[in-house]
Asks: 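I'd like to ask some things about the structure below.
Numbering of residues begins at 1 and proceeds along the displayed sequence.
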Amino acid sequence: MKRSFDQFMLAALVITIIVTGCNSLAQPNNRKNPAAAAQVVRCAPGGKLDIAKIGSITGMKGVEKNGEYKITVPQNDLKVVVDGFKIIPQMGLGSWAAFTPCGDSAMVMGDIILSETDVKPVQQEVIRQGFSITAIHNHFVRNHPNVLYMHLDRTADITTLSKGIKAIFGKVAEVRGADPKSAKADSVVNKLNIAELDAIIGYKGEMSKGVYKYTISRPDIQLTEHGIPVSSFMGFNTWAAWQGTPEQAAVAGDFTMLENEVAPVIKALVENGIEVVAVHNHMVHETPKVFFLHYWGTGNALQLAKGLKTALNCTSKNGK
């Protein structure tokens, strides 16, 4: 009996140590106010970004849209191939970090593309810079070399965020031995009938380096992260990127979905011969809860387009 009691006390002690250790790591500056430490960081929408300051600190040029600012780094050095098709940055191989105003500070959300050897040192740098990792996932299967996508998130002042982003992208370049965008940009073959694709999908896309890409927003969903609106520019969108010929096309993309849309979209894609390769989150503190789905399809372009349209119809208001 005494032995059982001793074992129970030992187990309780171990659990206490583990919980205390986790709490001390997560809340190093809130020992006097545990309730405050448990609160999700939130801030008021509005304010204005100092874009010149972001550029000066990061040393990287970006694009401004509606008061938000995004830095994109094409991963030209990663020569990824899936089922015989080259995956270039326009097919979803571009790391990015986007700034949105948050009162007198800002929120950054981003997606960093990593090789298998990049993952450990880069995620260590992300944590060292005070950012949260909100997802690590794949976009493809049978891809050579293998690549992973790591989403990050932080709210702070512009200087702190900009220094952090510079350090994170700098760590990728350090591990790879060169800036990923410094390698020669590639292109792919595109002989698709664009007018036919537009007619089926119901949208118009943009052509770049042989990739024809649709970006479809979800204006029916008022998404927020930490209480701040998340726009299509900040990564909240459904997209489809095409290459190839009418007889042998490839399409890769991402669906953004509410929880009750997940099963119908997956069913529509799979029944139409399009492979679902990942279902995951991009954010942690978002409202409402949303999910992201990556897919890959090869074959007859018009059949693939009809399959995508069927899945798109499973989302609320068809994205309109």
Side-chain angles (χ1 to χ4, degrees), residues 22-23 25-30 32-51 53-54 57-58 62-71 96-112 126-127 129-137 149-165 168 215-239 254-262 280-293 315-317 319:
C22 289
N23 286 340
L25 288 172
Q27 306 168 14
N29 300 317
N30 292 280
K32 295 182 179 180
N33 189 359
Q39 294 176 359
V40 175
V41 175
R42 303 183 72 82
C43 55
K48 186 176 181 180
L49 294 175
D50 189 340
I51 292 174
K53 190 172 186 178
I54 296 172
I57 295 174
T58 62
V63 174
E64 185 273 337
K65 184 176 182 181
N66 297 327
E68 297 178 323
Y69 191 68
K70 179 185 283 186
I71 295 168
W96 58 269
F99 294 71
T100 192
C102 176
D104 59 358
S105 59
M107 179 176 72
V108 165
M109 296 174 65
D111 191 4
I112 312 299
V126 170
I127 298 303
Q129 294 301 323
F131 285 72
S132 295
I133 296 172
T134 57
I136 299 177
H137 58 78
Y149 294 70
M150 183 171 66
H151 289 262
L152 51 83
D153 177 338
R154 188 178 184 187
T155 301
D157 61 273
I158 286 292
T159 298
T160 299
L161 293 175
S162 299
K163 288 181 177 179
I165 290 300
I168 292 165
T215 302
I216 303 169
S217 63
R218 289 294 304 261
D220 57 304
I221 302 174
Q222 304 305 306
L223 181 68
T224 64
E225 173 79 342
H226 301 300
I228 297 299
V230 180
S231 65
S232 177
F233 189 65
M234 295 287 289
F236 180 50
N237 55 64
T238 293
W239 59 269
D254 192 1
F255 268 84
T256 183
M257 306 163 293
L258 294 169
E259 55 190 9
N260 62 343
E261 297 171 345
V262 175
H280 52 77
N281 62 292
H282 284 182
M283 292 160 273
V284 175
H285 300 298
E286 81 275 21
T287 303
K289 181 63 65 178
V290 292
F291 297 86
F292 294 80
L293 175 155
T315 61
S316 178
K317 297 184 181 179

Asks: Is there a donor-acceptor pair closer than 3.5 Å between any side-chain N or O of Arg154 and the backbone N or O of Gln129?
Replies: yes
Asks: Would you name the heavy atoms of Ile57 and Thr159 that are closest together and state the gap between them?
Replies: CD1-CA, 3.9 Å
Asks: Within the 4.5 Å heavy-atom criterion, are Phe292 and Phe236 side-chain neighbours or not?
Replies: yes
Asks: Work out which heavy atom in Asp153 is nearest to a heavy atom in Thr134; give both atom names and the distance.
Replies: CB-CG2, 3.8 Å
Asks: Would you mind reporting whether Ile54 and Glu64 have side-chain heavy atoms less than 4.5 Å apart?
Replies: no
Asks: Measuring from Asp104:CG to Ile158:CD1, what's the distance to the nearest 0.5 Å?
Replies: 10.5 Å
Asks: Grab the two heavy atoms, one from Glu225 and one from His285, that are nearest each other, plus how far apart they are.
Replies: OE1-C, 2.9 Å
Asks: For Thr100 and Ile228, run side-chain contact (heavy atoms from CB on, under 4.5 Å): C-alpha distance rounded to whole Å, both residues' side-chain angles, the deciding distance at 0.1 Å, then the answer.
Replies: CA-CA 8 Å; Thr100 192; Ile228 297 299; 3.8 Å; yes
Asks: Indicate the atoms forming the closest heavy-atom contact of Val230 with Met234, along with that distance.
Replies: CG1-CB, 3.9 Å
Asks: As a quick check of understanding, evaluate side-chain contact (heavy atoms from CB on, under 4.5 Å) for Phe131 and Ile168, giving each step before the final call.
Replies: CA-CA 10 Å; Phe131 285 72; Ile168 292 165; 3.9 Å; yes
Asks: Taking all atoms of both residues into account, what is the closest heavy-atom pair of Glu261 and Met257, and its distance?
Replies: OE1-CA, 3.3 Å
Asks: To the nearest 0.5 Å, tell me how far Ile127 CD1 sits from Ser132 OG.
Replies: 6.5 Å
Asks: Counting only heavy atoms from other residues, nucleotides and ligands, does the tally under 6.0 Å from CG of Asn260 exceed 12?
Replies: yes
Asks: Nearest 0.5 Å please: distance from the OG1 atom of Thr315 over to the CD1 atom of Ile221.
Replies: 8.0 Å
Asks: I'd like to know whether Lys65 forms a side-chain contact (heavy atoms from CB on, under 4.5 Å) with Lys70, so could you lay out the CA-CA distance, the side-chain angles of the two residues, the decisive distance to 0.1 Å, and finally the verdict.
Replies: CA-CA 8 Å; Lys65 184 176 182 181; Lys70 179 185 283 186; over 6 Å; no
Asks: Cys102 and Met107: which non-hydrogen atoms are nearest, and at how many Å?
Replies: CB-N, 3.9 Å
Asks: Do the side chain of Thr238 and the main chain of Thr256 share a donor and acceptor less than 3.5 angstrom apart?
Replies: yes
Asks: Any sub-3.5 Å donor-acceptor pair from Tyr69's side-chain atoms to Gly62's backbone N or O?
Replies: yes
Asks: What do the steps show when you test Val126 against Ile112 for side-chain contact (heavy atoms from CB on, under 4.5 Å), and what is the final call?
Replies: CA-CA 10 Å; Val126 170; Ile112 312 299; 5.7 Å; no
Asks: Using only atom types and a distance under 3.5 Å, with no angle test, would you say the side chain of Asn237 pairs donor to acceptor with the backbone of Ser232?
Replies: yes
Asks: Between Phe99 and Ile71, is there a side-chain heavy-atom distance shorter than 4.5 Å?
Replies: yes
Asks: Kindly assign one of parallel, tilted or perpendicular to the pair His151 and Trp96, based on the angle between their ring planes and the thresholds 30° and 60°.
Replies: perpendicular
Asks: Could you state the interatomic distance from NZ (Lys53) to OG1 (Thr58), rounded to the nearest 0.5 Å?
Replies: 12.5 Å
Asks: Kindly say whether Glu259 contributes a backbone atom to a donor-acceptor pair with the side chain of Lys289 at under 3.5 angstrom?
Replies: no
